[in-house]
Protein chains: 2
Amino acid sequence: MANYRCGVQVRLSNGVEWAAHAAILMAGLPDRHGIRAERLAVYLGVPPAYLAKQLQAMRRAGLVESSRGAQGGYRLSRSPSDISLWDITAAIEGPASIFRCTEVRQNGPCGLDARDCRTACGIAAAFRNAENTFRNELASVSLANLADQMLTDIKPDHIKYSLEWLHAESLPMPKAASEKTGD
Amino acid sequence: MANYRCGVQVRLSNGVEWAAHAAILMAGLPDRHGIRAERLAVYLGVPPAYLAKQLQAMRRAGLVESSRGAQGGYRLSRSPSDISLWDITAAIEGPASIFRCTEVRQNGPCGLDARDCRTACGIAAAFRNAENTFRNELASVSLANLADQMLTDIKPDHIKYSLEWLHAESLPMPKAASEKTGD
DNA sequence: TCAATTAGGATATTTATTATCCGAAATGAG
DNA sequence: CTCATTTCGGATAATAAATATCCTAATTGA
């Protein structure tokens with residue numbers, strides 16, 4: 001009892017996890033092949049309409065390319081070794097930082113004048129620092145790294161089964177809508 | 001136009017910022033002196049009832065001591081150099097990690113068996129890693145560091161004014177309720 | 001021309017955060 | 001002892017954000 005929780009939770013949205021898994025799957029497709037959004041959702045067991053949101057966010061960030069219409073689908077727009085976990089996170093979560101300084105030091109009877117608050121207060125600076133290390137750590141992990149690790153972690157026959165499923169769903173994508181510039 | 005935002009925001013609650021500011025203020029009180037919660041809220045210009053929540057969370061985490069009743073109040077329970085920004089963050093936000101793995105790899109037609117998921121998947125491991133660096137960075141900043149920096153950043157006459165305000169509000173706290181063990 | 005598929009937004013639902021309030025317990029002072 | 005004061009702990013309301021679904025339009029290959 002007394003299981004009170006005044007403490008607040010801070011989490012990333014699941015969208016980041018889903019987007020990362022989807023990106024790793026696309027890294028496993030044959031060269032220049034894509035896959036339908038709905039098929040990715042089935043493979044991952046997540047709501048199709050919501051995964052589509054994450055795919056659109058990744059497309060706006062330039063991580064994936066899409067083709068509409070029959071035979072349309074998604075594929076990575078860069079090599080898996082050129083896409084980091086930070087790229088995915090930033091695409092889904094946006095550029096906002098974890099800590100938001102509300103300039104408390106300007107409040108109250110002893111509040112500072114805004115002119116004296118050009119430089120960040122120590123608290124904000126420390127959090128900015130910590131966030132940079134967080135970001136750099138994620139930036140050092142690529143989709144290629146993650147795919148490699150997955151191949152060593154999972155049993156060979158399961159890998160074979162999964163790749164067969166994926167490749168059977170893959171679609172040739174000679175050109176992508178996001179790539180075309182009116183030529 | 002087209003200022004859509006499908007991207008999601010991730011932030012810490014303001015409680016962390018307020019708690020940190022409150023803790024720095026308490027570090028500026030005379031030795032063995034405390035201050036009423038309501039006075040802290042006035043100084044910081046934040047809602048008293050909500051700051052009280054953060055103070056209670058810090059008390060449960062052992063960072064501050066409180067005394068009830070007339071002449072009651074809060075004071076730090078350790079030296080400012082022994083309390084880190086991570087201590088504050090953990091006290092307010094709780095132990096939950098930023099990234100939450102929902103074991104997507106166990107979903108769908110090619111889902112792994114739970115028995116094969118003893119070790120964390122690469123994505124979860126990478127986030128755990130990044131969070132560790134984030135935490136360590138915050139752990140390296142103490143209240144004493146922050147207070148020192150504040151003293152160098154702020155103009156001397158403003159420091160004087162603020163300390164006078166604080167010291168006028170300070171209360172002697174020979175013993176703290178959280179400290180007493182029934183002796 | 002038609003069927004299939006993504007794009008973009010509207011919108012509902014659920015969850016988390018922010019904020020306030022009140023009774024109970026504790027304490028120092030008179 | 002009694003009383004005014006103040007924190008404690010929880011209940012609960014209000015606001016904001018994340019999660020999820022659906023629909024119409026645009027695009028494309030067959």
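Numbered from 1 within each chain, the chains take letters A, B, ... in sequence-line order. We use all heavy atoms of the structure for the numbers below, so side chains are in, but hydrogens, waters and symmetry mates are not.
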Legend entry - Protein-nucleotide distance (B:Q56, atom CD; C:dC22, atom C1'), rounded to Å: 13 Å
Legend entry - Distance, rounded to the nearest Å, where B:E17 contributes CD and C:dT18 contributes P: 11 Å
Inset, instruction - List in chain and number order the residues that pass side chain to side chain donor-acceptor pair (under 3.5 Å) with A:Q106, two or more places apart in sequence or in another chain; answer none if no residue qualifies. - result: A:E103
Legend entry - Between D:dG9 (P) and B:M58 (CE): distance, integer Å: 15 Å
Inset, instruction - Rounded off to whole Å, could you give me the CE-to-P distance for the B:M173 and C:dA26 pair? - result: 16 Å
Legend entry - Phosphate OP1/OP2 of C:dT5 contacted by A:R39 side-chain N/O (<4.0 Å): no
Legend entry - Nucleotide nearest A:A37 when distance is taken to its side chain, options C:dT6, D:dG9, D:dA20: C:dT6
Inset, instruction - Whole angstrom is fine here: how far is it from CZ in B:R60 over to P in D:dT7? - result: 15 Å
Legend entry - Spacing of A:I92 atom CD1 relative to D:dT19 atom P, expressed in whole Å: 11 Å
Inset, instruction - Establish whether the base of D:dG9 is bridged to the side chain of B:K53 by a donor-acceptor pair shorter than 3.5 Å. - result: no
Legend entry - Selection from D:dT7, D:dA20, C:dT20 that lies nearest to any side-chain heavy atom of A:W18: D:dA20
Inset, instruction - Tell me, please, which residues at least two apart from A:S140 pass side chain to side chain donor-acceptor pair (under 3.5 Å). - result: none
Inset, instruction - Please tell me which of the listed nucleotides, D:dG9, C:dT6, C:dC21, lies nearest to the side chain of B:R59? - result: D:dG9
Legend entry - salt bridge (charged side-chain N to carboxylate O under 4.0 Å, His left out) involving A:D82 - partner list, sequence neighbours excluded: none
Legend entry - Residues in side chain to side chain donor-acceptor pair (under 3.5 Å) contact with B:Q56, at least two apart in sequence or another chain: none
Legend entry - Length of the line joining B:Y50:OH and D:dG9:C1', which is rounded to integer Å: 16 Å
Inset, instruction - Give a yes or no on whether a salt bridge exists between B:D113 and B:R115, defined as a side-chain N under 4.0 angstrom from a carboxylate O. - result: yes
Quick test: give all pairs of protein nitrogen or oxygen and nucleotides 2-5 of chain D nitrogen or oxygen below 3.5 Å, distance rounded to 0.1 Å.
from: D:dT5; atom 1: O2; to: B:A70; atom 2: N; distance (Å): 3.1

Legend entry - Which residues share a ring-ring contact (aromatic ring centres under 6.0 Å, His included) with A:W86, sequence neighbours left out: none
